[in-house]
Amino acid sequence: MTELPVMMPASPEIFLACAAMAMMMVGVFVKAENAYRVVSTLAIVALVFAGGLVLHVGGGRQEALFGFFVVDDFAVFMKVLILIGSVVALIMSEGYVQREKMDRFEFPILVTFATLGMLMMVSANDLLSLYIGLELQSLSLYVVASFQRDSIRSTESGLKYFVLGALSSGLLLYGCSLIYGFSGTTQFDTLALALTGDDTSKGLIVGIVFLIAALAFKVSAVPFHMWTPDVYEGAPTPVTAFFAVAPKIAAMALFLRTMLGPFGDLVADWGQIIWLVSVASMLLGAFAAIAQSNIKRLMAYSSIGHIGYALMGLAAGNEEGLKGVLIYLAIYLIMNVGVFACILSMKVQNRMVENITDLAGLGKSNPAMAVLLMVLMFSMAGIPPMAGFFGKFFVFMAALNAELYALAIIGAVSSVVGAFYYLRIIKIMYFDEPVEAFDKVETMGLRGVMIVSGLLTAVLFIYLPGITDPATAAAASLFGG
């Protein structure tokens with residue numbers, strides 16, 4: 001067999017790595033005033049092309065790099081979501097980065113490298129490749145969070161993220177070392193075969209606990225959520241939008257592959273931890289967001305709550321639960337890019353505003369944007385027939401069918417409480433006295449993201465199989481179907 005077919009499953013990642021290095025050369029040699037626009041366009045084209053390669057390579061289980069790298073329908077599904085999130089984040093950021101003097105060509109390159117790390121995370125089939133992909137993503141995100149060097153808030157958010165991220169990396173490595181020490185392997189397939197008995201050592205369980213703690217940090221689940229509100233608020237808004245979608249989906253994909261793959265037979269041991277993390281995330285996300293006045297900080301607590309709902313499916317520990325999580329993440333992506341597109345449009349006299357009260361009277365001053373944001377808020381609250389309702393429906397049904405009744409009840413209560421702060425935004429837009437009207441949406445790309453996200457959120461129920469069928473196939477592939 002020739003070398004090319006052996007590497008074919010990893011061709012999207014190889015292409016993105018080569019493209020990112022080529023873009024660094026382009027950025028250096030193109031005139032400074034044009035460098036950002038040229039490199040950003042190339043980054044978007046490269047990410048779209050990588051998406052085409054992902055779809056071309058997909059279909060059936062394939063391995064590369066001596067078994068360290070695996071591609072299956074699950075990987076294809078998650079990689080497509082990640083690439084969509086990265087492309088949309090770059091499109092939305094164009095006007096902001098130019099206005100805030102952040103238009104340096106390194107920005108889209110860092111996003112590309114972060115995306116490369118995310119794709120490697122999704123296909124990790126070994127604890128070593130898991131760590132390499134995770135760190136490639138994290139190192140890029142640390143820099144992107146503090147990219148606005150003249151802003152104290154941005155620099156502070158990047159520093160906090162770096163310090164706490166380094167701590168989580170330490171937890172991850174310690175957990176991996178314990179797992180290797182008590183099992184004798186780091187390879188997922190070998191671990192899955194070795195951990196089928198009932199005589200699992202306590203040291204291995206401790207290693208899994210450390211691994212869960214590190215992965216919980218990456219998805220910002222309670223009690224490892226402490227970085228999320230500060231980083232969301234302090235980072236430049238396009239960076240916050242990026243953080244809210246692609247890295248979150250990639251980390252959740254890694255969580256799912258790791259726990260349901262090599263440690264799937266130990267669900268009785270780690271399932272109770274996921275149950276507690278899910279409950280804590282849902283409750284904190286619901287109650288802590290009520291007191292927030294900054295909309296980016298509110299979205300941070302909202303994302304913590306949404307991760308809690310997604311973890312309900314993982315707590316079920318079966319194929320139905322995995323399917324529910326995949327559907328939830330796809331709908332979460334659609335909703336979040338729309339909300340952050342609206343937040344990026346909150347601009348008065350060429351100045352960004354972030355307080356929820358700045359939305360007062362939006363129904364009169366900008367009816368189209370108010371309708372879009374209302375649809376998205378209804379969806380985030382899980383009100384039918386919006387897309388968000390179906391995301392919650394599938395994870396709740398998975399929890400109920402797995403007899404996790406208490407978890408489903410707590411989730412329902414949290415969802416009702418969380419609806420308060422989503423509906424409060426609608427109340428402020430339509431019933432409060434108008435304040436200064438927002439400036440016109442500055443780019444066609446931002447306007448397009450708002451419209452497409454709003455429409456998909458509102459009409460997804462018409463053709464739900466467009467998401468449920470690929471999610472079903474992806475879930476079956478991870479369970480060996």
Looking at every heavy atom in both [X] and [Y], which two are closest together, and how far apart are they?
{"X": "S220", "Y": "I304", "answer": "O-CG1, 3.5 Å"}
{"X": "A114", "Y": "L141", "answer": "CB-CD2, 4.0 Å"}
{"X": "P108", "Y": "V39", "answer": "CG-CG1, 3.7 Å"}
{"X": "I331", "Y": "G391", "answer": "CD1-N, 3.6 Å"}
{"X": "V325", "Y": "L314", "answer": "CG2-N, 3.7 Å"}
{"X": "V337", "Y": "M92", "answer": "O-SD, 3.6 Å"}

Please assess D230 against R297 for the test salt bridge (Lys or Arg N to Asp or Glu O under 4.0 Å), listing each intermediate value before the final yes or no.
-> CA-CA 7 Å; D230 290 337; R297 203 170 180 88; 3.1 Å; yes

Between the side chain of [X] and the main-chain N/O of [Y], is any donor-acceptor distance below 3.5 Å?
{"X": "T258", "Y": "F255", "result": "no"}
{"X": "S146", "Y": "T155", "result": "no"}
{"X": "S138", "Y": "E135", "result": "no"}
{"X": "S453", "Y": "G338", "result": "yes"}
{"X": "D358", "Y": "N355", "result": "yes"}
{"X": "S281", "Y": "G308", "result": "no"}
{"X": "K248", "Y": "I307", "result": "no"}
{"X": "S415", "Y": "G411", "result": "no"}
{"X": "S169", "Y": "G165", "result": "yes"}

Indicate whether the side chain of [X] and that of [Y] have a donor and an acceptor atom separated by less than 3.5 Å.
{"X": "Y309", "Y": "S278", "answer": "no"}
{"X": "K440", "Y": "S345", "answer": "no"}
{"X": "S40", "Y": "E94", "answer": "no"}
{"X": "K323", "Y": "T468", "answer": "no"}

Just wondering, do [Y] and [X] contact through their side chains at under 4.5 Å, heavy atoms?
{"X": "F74", "Y": "R257", "value": "yes"}
{"X": "E13", "Y": "K79", "value": "yes"}
{"X": "S129", "Y": "M120", "value": "no"}
{"X": "R424", "Y": "I356", "value": "yes"}
{"X": "L83", "Y": "L119", "value": "yes"}
{"X": "L139", "Y": "Y142", "value": "yes"}
{"X": "F431", "Y": "I426", "value": "no"}
{"X": "R153", "Y": "Q148", "value": "no"}

Candidate pair Y232 and Y161, rule ring pair (Phe, Tyr, Trp, His ring centres under 6.0 Å), full reasoning | CA-CA 10 Å; Y232 271 50; Y161 191 27; 9.6 Å; no

What is the ring orientation for F107 with Y36, classed by angle as parallel under 30°, tilted 30 to 60°, or perpendicular over 60°?
->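 Tilted: the ring planes of F107 and Y36 meet at 30° to 60°.
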
Between M23 and F105, does a side chain to side chain contact (heavy atoms under 4.5 Å, CB included) hold up when you go through it step by step?
-> CA-CA 9 Å; M23 285 188 287; F105 71 87; over 6 Å; no

Looking at [X], I'd like to know if its [atom1] atom is crowded, meaning that more than 12 non-hydrogen atoms belonging to other residues, nucleotides or ligands lie closer than 6.0 Å.
{"X": "F393", "atom1": "CZ", "result": "no"}
{"X": "M226", "atom1": "CE", "result": "yes"}
{"X": "I462", "atom1": "CD1", "result": "yes"}
{"X": "F162", "atom1": "CZ", "result": "no"}

For side chain to side chain contact (heavy atoms under 4.5 Å, CB included), just list the numbers for L373 and M450, CA-CA rounded to whole Å, side-chain angles, deciding distance to a tenth of an Å, and then say yes or no.
-> CA-CA 9 Å; L373 194 52; M450 291 168 62; over 6 Å; no

Answer with yes or no after comparing the ring centroid distance for Y421 and F287 against a 6.0 Å cut-off, counting only values under it.
->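 Between Y421 and F287, the centre distance exceeds or equals 6.0 Å.
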
Contacts of type ring-ring contact (aromatic ring centres under 6.0 Å, His included), residue F217, not counting sequence neighbours =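 Listed in chain order: W227.
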
To the nearest 0.5 Å, tell me how far M374 CE sits from L423 CG.
->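 Rounded to the nearest 0.5 Å, the CE-CG separation comes to 11.0 Å.
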
Roughly how far, to the nearest 0.5 Å, is CD1 of I467 from CG of L460?
->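 If I round to the nearest 0.5 Å, the distance is 4.5 Å.
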
Answer yes or no: is there an ion pair linking R37 with D103, defined by an N-O contact shorter than 4.0 Å?
->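 No.
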
Output yes when E354 and K347 qualify as a salt bridge under the 4.0 Å nitrogen-oxygen rule, no when they do not.
->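 Salt bridge between E354 and K347, a charged N being under 4.0 Å from a carboxylate O: no.
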
Intermediate values then yes/no, side chain to side chain contact (heavy atoms under 4.5 Å, CB included), V222 and V279 = CA-CA 9 Å; V222 177; V279 167; over 6 Å; no

Step-by-step side-chain hydrogen bond (donor to acceptor under 3.5 Å, both in side chains) determination, S302 to Y422 = CA-CA 9 Å; S302 169; Y422 296 123; 2.5 Å; yes

Could you list all the ring-ring contact (aromatic ring centres under 6.0 Å, His included) pairs where at least one residue sits in residues 330-354, not counting sequence neighbours?
->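 Non-adjacent pairs meeting ring-ring contact (aromatic ring centres under 6.0 Å, His included): H306-Y332.
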
CA sep, side-chain torsions, deciding dist, call: L329, M78, side chain to side chain contact (heavy atoms under 4.5 Å, CB included) | CA-CA 9 Å; L329 291 175; M78 301 306 287; 3.5 Å; yes

